[in-house]
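What follows is a set of notes on a single structure, which appears directly below.
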Amino acid sequence: MAGLWGGRFTKETDDEVFAFNESLSFDNRLLNNDIEGSIAHVVMLEKQRIISLEEKDAIVKGLTGIKRDVEAGALDFDGGYEDVHSFVEAKLIERIGDAGKKMHTGRSRNDQVALDMKLYIREQIVILDDLVKDLQETLLKHIEEGLDTYMPGFTHMQKAQPVTVAHHLGAYMEMFIRDRGRLSDIYKRMNFSPLGSGALAGTTYSLDREYVASMLGFEGATRNSMDSVSDRDYLIELLSALSTVMMHLSRFSEEIIIWNSNEYRFVELDDAYSTGSSIMPQKKNPDIAELVRGKTGRVYGALLSILTTMKGIPLAYNKDMQEDKEMTFDAIDTVKDCVKLFTGMLKTIKFNTEVMAASAMKGFTNATDAADYLVKKGVPFRDAHGIIGRLVLYCIDKDKAIEECSIEELQAISDVFDTDVYDAISLKTCVDKRLTKGGPAPERMKECVTFYREYLLNSERLNQMIYKKS
Ligand code: ARG
C-alpha cells in the first residue's frame, strides 16, 4: 500500500514492517476526533486565505461524509492504511479529488495526533467523571440510610471502635470527591490546543492557532511547539488518577468481599450481581468485586507502561509515542466498566444492619470509652488504660462483654466504677458522643450529608471551592 511519503521512496513497505508499524487497528477510535480537528483546521486555513472557500467546503463535506459512512457501516477501516490520519486523508482524496490534497497544508501528523488524543481524552474525562458521580449518588443513599446503623470500625483488621455504616461509606465518598477533583484538574491543565505546532517547529504559513483552539473549545493554544508534539503528561496524569480510582474501588471491593463472607455476613449481594459455583451449590460468590479488585492491576500496568515509554524519548516526536494508545484505551474502558458495575452492585447491596450492630457490641469496641469513663472520674489516662486492660482480660476469661459484668465485678477491678458506667459505654453513647469534626456521631454525619447533597448538585463549583480553600 502506498504510504503518505511516496516521493522519497522507491520500494513498498515490507508486510511485516507495515503490520508492526500500523496503528489504524486501534487508533480508529479517534476517527471522530480526527475529523473534528481537520474541519477546524481547514475552516481556519480558509479564513487565513490559505485555501479557497470552495476547497474548504468540499473538504468539510467530504469529511462529514466519511464520518457518516463509517457510522452507518458503509465504510470500513480496511487494513491498508497506517493510521487513522492516513486513512481519512486517503478516503477524502478518493472522494473529492485535488481539494482533498490541501487538507494537510500547514499540519503534521505529529500535531494532528496530539490534537486527536487531547480531544478524545477530554471527552473521556467527562464520561468518567459522570460515572464516578453516579457512584457517589448511590453511595449517598446508603449514607443517608445508615446514619444510625452501628458497625465495628477496624484497625489491623481487628475490631477497634464502633462507627456507623454512614461514617464508613462516607470515607469512600471523600475518596471519590478527590478522584473527581483530580479529573477536573487534569482537564483544566491539558485544555490547550497543540494544532499548528507542525512536525515540531511550527510553520511558515500564517495559521491562526488561537482561532482553531477556540473553535475546538480549548482554553487557548499551547506555547511551545516542540513541547506540544511531545507532551503526553496529561495521559500519565489521567492514568495516575484512574489508578487511584481503581485503588479506591479495589479497597472497597476487598471490604465487600470480606463483609459478604460467611464469617461476617455484614452484607447480602443481590443475586444479579453474584455468581454461583459449578460444583458447590451453597456458593454465592462476589465475582464483580473480585474482578474490580483484579482489574486494578491492568490500569496500574498502563500507567507504568507509558511512564517507561516516555522516559527515554528525546524531543520531539518519536514513533515510540504511538505506544501511548492501546493501554490507555484499555485502561479507560476498564475503569468505565468497573465504575459502572460497581455502582450497580452497590445499588442493590443489602446491609445486614442487625448483624453489624451485634458485631459492634462484641470485641470490646467500647474499651476506649470505658477508659475515658475512668478518666472523666479523675483517673489519669495511662492508669485507666491499664485498668481496662485488666478488665478485658477478665472478660475474655469469663467470656463476656464489659457491659455484661455486674457492678460488683467491675468494682473488684477498680472502685471508681459506678452504675452510670453502663450508659457511658453503651453502643449508642460510644457513637453518638463522638462529636469531633469528622467523627461518626449521626449529628456530625448529617452535616456531611448536607455537604454531599450540595456537592452533587453542583460538583464543578464545589470542586473549585475545595481547591481554593486548600
Ligand atoms: N500513528 C502515529 C501515532 O500514533 C501518528 C503520528 C505519526 N507521525 C509520524 N511522524 N510518524 O503516534
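Counting from 1, the numbers follow the sequence of the chain as shown. Numbering of ligands and ligand atoms starts at 1, following listing order. If you're wondering where the values come from, they're calculated on a predicted model, not measured in any experiment.
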Check: residues 145-158 side-chain donor-acceptor pairs under 3.5 Å, at least two apart:
none

Enumerate donor-acceptor pairs with a distance under 3.5 Å from any side-chain N or O in residues 308-316 to protein atoms, sequence neighbours excluded.
residue : atom : partner : partner atom : Å
Thr308  : OG1  : Leu304  : O            : 2.6
Thr309  : OG1  : Ser305  : O            : 3.0

Quiz item: Side chain of His167, backbone of Ile143: donor and acceptor closer than 3.5 Å?
Solution: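 Flag not set: sc His167 to bb Ile143 has no pair under 3.5 Å.
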Quick one: look up the protein heavy atom nearest [atom] and list residue, atom name and how far away it is.
| atom | value |
| --- | --- |
| atom 7 (C) of ligand 1 | Tyr317 OH, 3.5 Å |
| atom 11 (N) of ligand 1 | Arg109 NH2, 3.5 Å |
| atom 5 (C) of ligand 1 | Asp83 OD2, 3.5 Å |

Practice problem: May I ask which of Asn318, Leu24, Asp320, Asn110 has a heavy atom nearer to atom 9 (C) of ligand 1 than the others do? | Solution: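 Among Asn318, Leu24, Asp320, Asn110, the closest heavy atom to atom 9 (C) of ligand 1 belongs to Asn110.
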Quiz prompt | Ligand-residue contact atoms, ligand 1 with Gln322, heavy atoms, under 4.0 Å | solution =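 What qualifies from ligand 1 is 1 (N), 2 (C), 3 (C), 4 (O), 12 (O).
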Quiz item: Does Lys325 have a heavy atom less than 4.0 Å from any atom of ligand 1?
Solution: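 For ligand 1, residue contact (heavy atoms, under 4.0 Å) with Lys325 is present.
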Quiz prompt | Face-on cation placement of Arg29 at Phe329 ring, 6.0 Å and 45° thresholds | solution =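 Yes, cation above the ring, under 6.0 Å and within 45°.
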Exercise. Examine Arg122 relative to Phe218 and say whether NZ or CZ is less than 6.0 Å from the centre of the six-membered ring and inside a 45° cone about the ring axis.
Key: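 Yes, Arg122 lies over the aromatic ring of Phe218.
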Exercise. Could you tell me whether Lys319 and ligand 1 have an N or O pair separated by under 3.5 Å?
Key: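 Min N/O separation from ligand 1 is not below 3.5 Å for Lys319.
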Quiz item: ligand 1 and Glu82, any nitrogen or oxygen pair closer than 3.5 angstrom?
Solution: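 In this structure, Glu82 places no N or O atom under 3.5 Å from an N or O of ligand 1.
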Quiz item: Can you tell me how far the CZ atom of Arg232 sits from the CG atom of Leu238, to the nearest 0.5 Å?
Solution: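 Rounded to the nearest 0.5 Å, the CZ-CG separation comes to 14.0 Å.
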